[in-house]
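Being a predicted model, the structure only gives us computed values, none of them experimental. In listed order, ligands and their atoms are each counted from 1. Any value given below was found using the heavy atoms of this structure, including those in side chains, with hydrogens, waters and symmetry copies removed.
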Amino acid sequence: MNVPVLKNYTGGKWTAPENHGLLDVERPSTADVIGRVPLSTAAEAGRAIAAARAAFPEWSAVPVSRRCELLRRLADRIRDRSRELAETISRENGKSLPDAEAEVKRSLENAEVACAMPVLQQGDKLHGASPDIDGEVLRVPLGVFGMIAPFNFPLMVPFWFFPYALAAGNTCVVKPSEQVPLCMARVAEFMDTIGFPPGVFNLVHGDGRAGQALLESPDIAGISFVGTSGVGRIVAERCARTGKRFQVFGGAKNHLVAMPDAKMDDMIRNMITSCYGCAGQRCMASSAIVAVGDDVHEEVCGRFVAASREVRVADPLDPEVAGEAMVMGPVISAKAKSFILDMIRTGIDEGATLALDGRNLAVPGCERGHFLGPTVFTGVKPGMKIHRTEIFGPVVVILKADSLDEAIRIINGHEYGNGASIYTQNGYYARRFKLEAQVGMIGINVGIPAPVAQLPFGGMRASLMADTKTQGKAAVNFFTDLKIISERYWRE
Ligand code: NAD
């Protein structure tokens, strides 16, 4: 098989990697090498930043409608190539084809929302702010933005950022995750052919060193980062020290609360897709269930474990399962699998009950793939390591609470606050939950409350270090600054 060696896209040119090493990109289902990604140096990242900086003055002066016209071409290209992109995502990340298709759709949606920039970027005017003085508020671009993406949404995360940044008149340098660089490499090919001026969009491959170069550069105005909270803290600190604005989307441990009046059949079905879609590697995946009351707890434990047993684990590109919505693929890497296996051992040592053990699962024909089966712990207490830690795999912990108050306390006592959902038909419970649960995104009978692109996306506490979320108007806030003008003319 011909294994492509990826190139950076800098200043409108493809640049072959310098001799600093290439990393194999693995297909998680088989461990086959499907690409080689350059580990760019700070100097290579620096050239991309310089190209973006040089392109900024001219690009920011291009009328916003023209900027959006080019973005619409990108959206058209994504729509035309959506199947190919979904297959690439599925191949490099391991998620099911329907999940990959949903990712392409959300990416496209973000590009389309960004095309509303002629409306979104409008400022304000206040006549007579003071005697004979008018006040005016302009929304202006800032310069070059750096974007650092995680492995779990190779396409969608960059699309949370760069379409808004470019539509608002900024230029950018995108660094995809070194584990899943192929689909953004394809997007760079689209960008190359649809008329964007050189340097407006740049793609730099690499690991943390290339990311670090973006953080250090004095020529970058802001950073959008998505990844683990540990790396996110480094990013936030570095940006604060070097005077950049930043938005850091960090880790998560999302809770699902089962109330006594929940519609049990619908709830269990919904919980299964929330917990095991993308092998539990969505930032909005749920991995902790809190059942309220003894009876509900007993029923949820029994039925959730039974339903988990039925989840099909397979290579997502196996034609036999390719169209099925709930197929669980592998986790991203041998390293991720080994961490998850460690956490399962930790749960056993902590005294939780391993009610379903997904270790030792074999997928015929994919013996080298990083597969794990659904795994469920019951008898879990708040504060156990398997409850505190973001395991980021198909491992679910079930806890019991005596009341809604206690369930909310468990959620609010957790370090992360990305999303949480409640299953109930009762408006009083639902209202209290939406007001009191300290998380950024709430679901009421919706197990993955990931908002559409027209609405803001982002968590709270350790799940989001930023002043503003992303998508829609929130992204416009991040990628523009306000300039306030006081204007007076003396009588002739
Ligand atoms: P990661 O932190 O390992 O890597 C993320 C990115 O940071 C990669 O591109 C990596 O190369 C880069 N990087 C690593 N070290 C760096 C450094 N010192 N400086 C700059 N960049 C550096 O995360 P991951 O494993 O790829 O992604 C999974 C994580 O992302 C999970 O914690 C998940 O919850 C989180 N995530 C959160 C959201 C959200 O909305 N909150 C969305 C998606 C993923």
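- Here N418 has side-chain heavy atoms under 4.0 Å from ligand 1, and that is the only part of it that gets that close.
- The ligand atoms of ligand 1 that sit less than 4.0 angstrom from a heavy atom of S463 are 41 (N).
- The pair R233-E415 counts as a salt bridge, with a side-chain nitrogen and a carboxylate oxygen less than 4.0 angstrom apart.
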Under the criterion side chain to side chain donor-acceptor pair (under 3.5 Å), I'd like the reasoning laid out for K13 against T15: C-alpha separation, chi angles, the key distance, then a yes or no.
CA-CA 6 Å; K13 293 197 172 64; T15 51; over 6 Å; no

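- There is a protein heavy atom closer than 4.0 angstrom to atom 7 (O) of ligand 1.
- Among protein heavy atoms, atom 12 (C) of ligand 1 sits closest to I148 CG2, 3.7 Å.
- Close approach of ligand 1 to G227 (heavy-atom distance below 4.0 Å) involves ligand atoms 2 (O), 5 (C), 23 (O), 29 (C), 30 (O), 32 (O), 35 (C).
- With atom 41 (N) of ligand 1 as the reference point, the heavy atom nearest to it among G250, G251, A450, C283 is part of G250.
- Listed for the E178 side chain is no donor-acceptor partner under 3.5 Å among the backbone atoms of V37.
- When heavy-atom distances to ligand 1 are checked against a 4.0 Å cut-off, Y416 has no atom that comes that close, whether in backbone or side chain.
- The atoms of ligand 1 that sit less than 4.0 Å from any heavy atom of Q212 are 17 (C), 18 (N), 19 (N), 20 (C).
- Shortest contact from atom 28 (C) of ligand 1 to any protein heavy atom: F392 CE2, 3.7 Å.
- Among all protein heavy atoms, the one lying closest to atom 40 (O) of ligand 1 is F457 CE2, 3.3 Å.
- Here V231 has side-chain heavy atoms under 4.0 Å from ligand 1, and that is the only part of it that gets that close.
- Only the side chain of E390 comes within 4.0 Å of ligand 1, judged by heavy-atom distances.
- For the ligand labelled ligand 1, residue G459 lies outside the 4.0 Å heavy-atom shell.
- Within the 4.0 Å heavy-atom cutoff, F153 does not count among the residues contacting ligand 1.
- Salt bridge annotation for R81-E189: absent, with no cationic side-chain nitrogen under 4.0 angstrom from a carboxylate oxygen.
- Residue contacts with ligand 1: F151 is placed with a nitrogen or oxygen under 3.5 Å of a nitrogen or oxygen of the ligand (distance criterion only).
- Which parts of ligand 1 touch N152 is read off a 4.0 Å heavy-atom cut-off, strictly below it: atoms 43 (C), 44 (C).
- Applying ring-ring contact (aromatic ring centres under 6.0 Å, His included) to F478 and the options F145, F161, Y164 leaves one that passes, F145.
- Between R241 and E237, no side-chain nitrogen of the basic residue sits less than 4.0 Å from a carboxylate oxygen of the acidic one, so the salt-bridge criterion is not met.
- Relative ring orientation between H414 and H255 is described as perpendicular, the plane-to-plane angle rising above 60° on a 0-90° scale split at 30° and 60°.
- The closest donor-acceptor contact from the side chain of T10 to the backbone of A48 lies at 3.5 Å or more, if one exists at all.
- A salt bridge is absent between K385 and D342: the closest approach of a Lys/Arg side-chain nitrogen to an acidic carboxylate oxygen does not fall below 4.0 angstrom.
- Contact annotation for E178 and ligand 1: only side-chain heavy atoms (C-beta onward) come within less than 4.0 Å of the ligand.
- Of the possible donor and acceptor atoms, none in the side chain of T389 sits under 3.5 Å from a partner among the backbone N and O of I386.
- Annotation for ligand 1: atoms under 4.0 Å from non-hydrogen atoms of V226 are 5 (C), 36 (N), 37 (C), 38 (C), 42 (C), 43 (C), 44 (C).
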Does W160 form a ring-ring contact (aromatic ring centres under 6.0 Å, His included) with F153? I'd like the steps, not just the answer.
CA-CA 10 Å; W160 276 351; F153 283 98; 7.4 Å; no

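- A salt bridge does not link R106 to E103: none of the charged side-chain nitrogens sits closer than 4.0 Å to a carboxylate oxygen.
- The heavy atom nearest to atom 14 (C) of ligand 1, out of those in P181, G208, A213, P176, is found in G208.
- Contact annotation for A149 and ligand 1: only backbone heavy atoms (N, CA, C, O) come within less than 4.0 Å of the ligand.
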